Structures are given as structure tokens and as C-alpha cells.
Amino acid sequence: MPYSYVSYLDCPKCGETYDVNTVQQLCTCGAPLLVNYDLEQLKDNLKPDELKDREDSLWRYHELLPVANCKNVISLGEGMTPLVEMSKLGSELGIKNLYMKDEGIIPTGSFKARGAAVGVSKAKELGVTELAMPTNGNAGAAWALYAARAGIKSTIAMPIDAPEITRKETAVSGANLYLVDGLISDAGKIIGKYVKDNQLYDVSTLKEPYRIEGKKTMGLEIAEQMDWEIPDVILYPTGGGVGLIGIYKALNELKELGWIKGKLPRLVAVQAAGCAPIVKAWKENKTESDFWPNSQTTAFGINVPKALGDFLVLEAIYQTGGCAIAVEDEAMLEEQEKISSMEGAFVCPEGAAAFAAVRDLRNNGWFHDEESVVVLNTGAGIKYPNTVQVEVPTLNKEAKI
């Protein structure tokens, strides 16, 4: 059996196909490319039960990943994060089956490690020696660290107010790090020119095809962890939306393989009220979003004014009967504190936004108490220390409590 059943790349807009064995960026029409696999052949050669004895990392699904030779895999053991039952919070909300897919314990402290692991591994296989990208923080840190492990140079630009810890992660990796006095969209323009001038590999969100493949393993894991009985609803904090696109892609591939049955979960894109282009487009029944001016939110990871793959995010929502919802910063921070005190989980602001969205949707009757609901917490709360403000009493050495 081959290590991977990767076949070719294609454009979801114009249908043009591309070779998976050479460096590819966007389609000539400007759209992102998607990876295709020989699922008919894989269906005959692999059954779900065969996964049970494999390593507890996302590479357990290597047949459905784009790296053709296992020698090119760059890994820190990422994947197979826990699916945690949130019984106390679920009881308060009136949801019997509420779960959190906790990406906070993955290497580099966020789900971005998934995209970096697969993207960097494929870059190594294709002979890439230097890559570049803009980032809101976590993605840049992950790609810089995995690139260092692969022996690939990296250049990263991030907004000047990106979380300090992600700046340090990126810098300590040996990457060429630049801070930009602006948003990720401004950093993207600078990186775009740098890439063009120096003929570098651009790993900006969806400008290479393989980040999606790493992110889709969240969907593969959820299905396996639920014994191939998929949930009714999956909520995902959405900036660039690659994780939601990936989960939708994973579920469709599993359905084609015959590993899951029935309707796909309703997918929910959660955004911040201060940056909600996908929500606006969904409410207006559009297939693409408009640039969101003056975007601002505490949930820095979803502060993306215009996503390149917005049409793919919206397609996933429409095709599954899902929705898009915006959450105020105050609500997400209240939810973050509630989850910590009730469930002992210190989630990131983006994950808290997704839980706040559950609360809003439950109150609006969008799903009922018997449905199973999975929420993606995309990173560790400790990566955002400034989002929590506390006043703690100080005791002298002789004091009593």
C-alpha cells in the first residue's frame, strides 16, 4: 500500500487541475487549490478498524494526507487532541451532549500546528528551502518552529499588537520576524511583495494547498473519537476559516469512503462582532464576503477582515444547513471565565467565542437539548495572558488567611 493516496490538485472555482509533485500556489484564476485523493482505491485498501493500533498523532491518517514519502514527515507528535465532555456547562445550557475538541494541548499551543506540520512536511518533499507568511501570531509561530525542525528558512510578518508570546516563539525559532503597524491584511501586502521579489514559497492562508489538509484532521479525529457517529453540530471560531473548510472536506471524504453515514453536522462559523465579514455575507445570502473595515477584537486569531477562502467557508455553511454568528468581546470573556470556573479549562478567547455562540444559539432555539454539539477550542488560554485581568491580595510573611 502507498503511504499516501494523494492524486492531484484542483481549483474549486474554475476546475483547472494541477500536479501535486511540483510547487503550486494559487490557481491562475486566483482561487485556492484543493488536494484530491484516490478514494476509490483507498476504500478497498483501508478500513476504519485498522487505525486503532496506529500512533496517536494526525499522521495516523497518512493515506488521506498529501505527503507521499514518510521520510519527509516533520512532526512534534501533533494531533489526537482530547474530545472532552463539558457536562457542567452542558447542564447549565440544557445540552446533554456538549463536547470540546481541545487544541490547546497540541505542540505550539494552538491548532495551527496541524497546518504547519502537514504544510512544512509537503514543502520539504517539494524541495522548498525558504517560506514566508503573514500571521496574527499563532500560525506564524507554528510554521516558524516546524520550518526550523525541517531545516527550512522562514520570514514572518505579524501585526505589532500580536500576542507577545507568539512573537517570542517565532523569534526564538530563528525566523526573520517583522512587526507591522497595522492588521494582518497589511502584513499580507508586505509579504506578498517580498515573496514576488525573491521568488519564495508563499504559505499565507490558502495560498498553498496543504494547510487545509493538516486542519482537516480535526474532522477526521472527531469522527473517529465518536466511533464514526458524527455530531449534529460543530462550532468553529472563524478568521481565515481554514479549519472549518478542512473539517467539511474531511467529512465529505469520510462519507465517500463509506466510513460515516447520514447527514453531515451543521457547521457554524463563529466570529467576533468587531470583525464579522462571514456573518454579514451569510445573513445577506452571499457567496463571498466584503472587506470588514476597522476590524477589532480581543480574539486576535479571528481578526481577519477578508478571508481568501470565504467562498469555501460559506459553501460549507450552506451545504450543511449551518449558520454564522457574531459574538461581542464582553460575552466571550465572560464565557472564558465561566468555562474555567465550571469545567477547569482555560480556553483561548477564540474558543470562548465559540462557547458563547453555543449559549446564544441555544437561547434562540437553534438546536435542541438532545443534539450532540462539538466546540473547537483552537488554543491554550495561557497564550493570551493579557485577556484576563485579576486583582490578587498580597500577604506579608507573617499574615494569616
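Bear in mind that the values here come from a model prediction, so they are computed numbers and not experimental data.
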Legend entry - Inter- and intrachain pairs under side-chain hydrogen bond (donor to acceptor under 3.5 Å, both in side chains), touching residues 233-252, at least two apart: E213-K249, K249-E253
Inset, instruction - Run through S185, P277, S289 and flag the one making a side chain to side chain contact (heavy atoms under 4.5 Å, CB included) with K306. - result: S289
Inset, instruction - Say whether T17 and D10, considering side chains only, have a donor N or O and an acceptor N or O under 3.5 Å apart. - result: no
Legend entry - Ion pair check, K112 and E169, cut-off under 4.0 Å: no
Inset, instruction - State, with a plain yes or no, whether a side-chain heavy atom of E334 is found less than 4.5 Å away from one of E330. - result: yes
Inset, instruction - Quick one: which residue pairs count as a side-chain hydrogen bond (donor to acceptor under 3.5 Å, both in side chains) with a foot in residues 315-327, not counting sequence neighbours? - result: none
Inset, instruction - Kindly determine whether K261 and E229 satisfy salt bridge (Lys or Arg N to Asp or Glu O under 4.0 Å), including the steps that lead there. - result: CA-CA 8 Å; K261 309 288 184 185; E229 295 289 333; over 6 Å; no
Legend entry - Nearest-0.5 Å distance, CG of residue D232 to NE2 of residue H368: 6.5 Å
Inset, instruction - For the pair E371 and K96, find out whether any cationic side-chain nitrogen is under 4.0 Å from an anionic carboxylate oxygen. - result: no
Distance-only donor-acceptor pairs under 3.5 Å for side chains of residues 132-139, two or more places apart:
| residue | atom | partner | partner atom | Å |
| --- | --- | --- | --- | --- |
| T135 | OG1 | G137 | N | 2.8 |
| T135 | OG1 | G140 | N | 2.9 |
| N136 | ND2 | F300 | O | 3.2 |
| N136 | ND2 | N303 | O | 3.3 |
| N138 | OD1 | K383 | NZ | 2.8 |
| N138 | ND2 | Y384 | OH | 3.0 |

Legend entry - Listed partners of N176 passing side chain to side chain donor-acceptor pair (under 3.5 Å), at least two apart: T155
Inset, instruction - Using side chain to side chain donor-acceptor pair (under 3.5 Å) as the criterion, list what pairs up with T298, not counting sequence neighbours. - result: D329
Would you be so kind as to tabulate the donor-acceptor pairs closer than 3.5 Å made by side chains of residues 63-83, with sequence neighbours excluded?
| residue | atom | partner | partner atom | Å |
| --- | --- | --- | --- | --- |
| E63 | OE1 | R54 | NH1 | 2.8 |
| E63 | OE2 | R54 | NH1 | 3.4 |
| E63 | OE2 | R54 | NH2 | 2.7 |
| N69 | OD1 | K71 | N | 2.9 |
| N72 | ND2 | E125 | OE2 | 2.8 |
| S75 | OG | G77 | N | 3.0 |
| S75 | OG | E78 | OE1 | 3.4 |
| S75 | OG | E78 | OE2 | 2.8 |
| E78 | OE1 | L76 | N | 2.7 |
| E78 | OE1 | Y146 | OH | 2.6 |
| E78 | OE2 | W59 | NE1 | 2.7 |
| T81 | OG1 | K101 | NZ | 3.1 |
| T81 | OG1 | E103 | OE2 | 2.5 |
| T81 | OG1 | R114 | NH2 | 3.2 |

Legend entry - Approximate separation, where rounding is to 0.5 Å, of D102 CG and L376 CG: 10.0 Å
Legend entry - Note: E92-K338 ion pair, threshold 4.0 Å (strictly below): yes
Legend entry - Cationic N near anionic O, under 4.0 Å, K43 to E256: no
Inset, instruction - Using modelled atom types only, decide if a donor and an acceptor are shared between the side chain of D202 and the backbone of S204 within a distance under 3.5 Å. - result: yes
Inset, instruction - Check whether the side chains of S57 and E55 place a donor and an acceptor atom closer than 3.5 Å, and report yes or no. - result: yes
Inset, instruction - Check for a donor-acceptor pair, side chain of Q25 on one end and backbone N or O of K207 on the other, with a separation under 3.5 Å. - result: yes
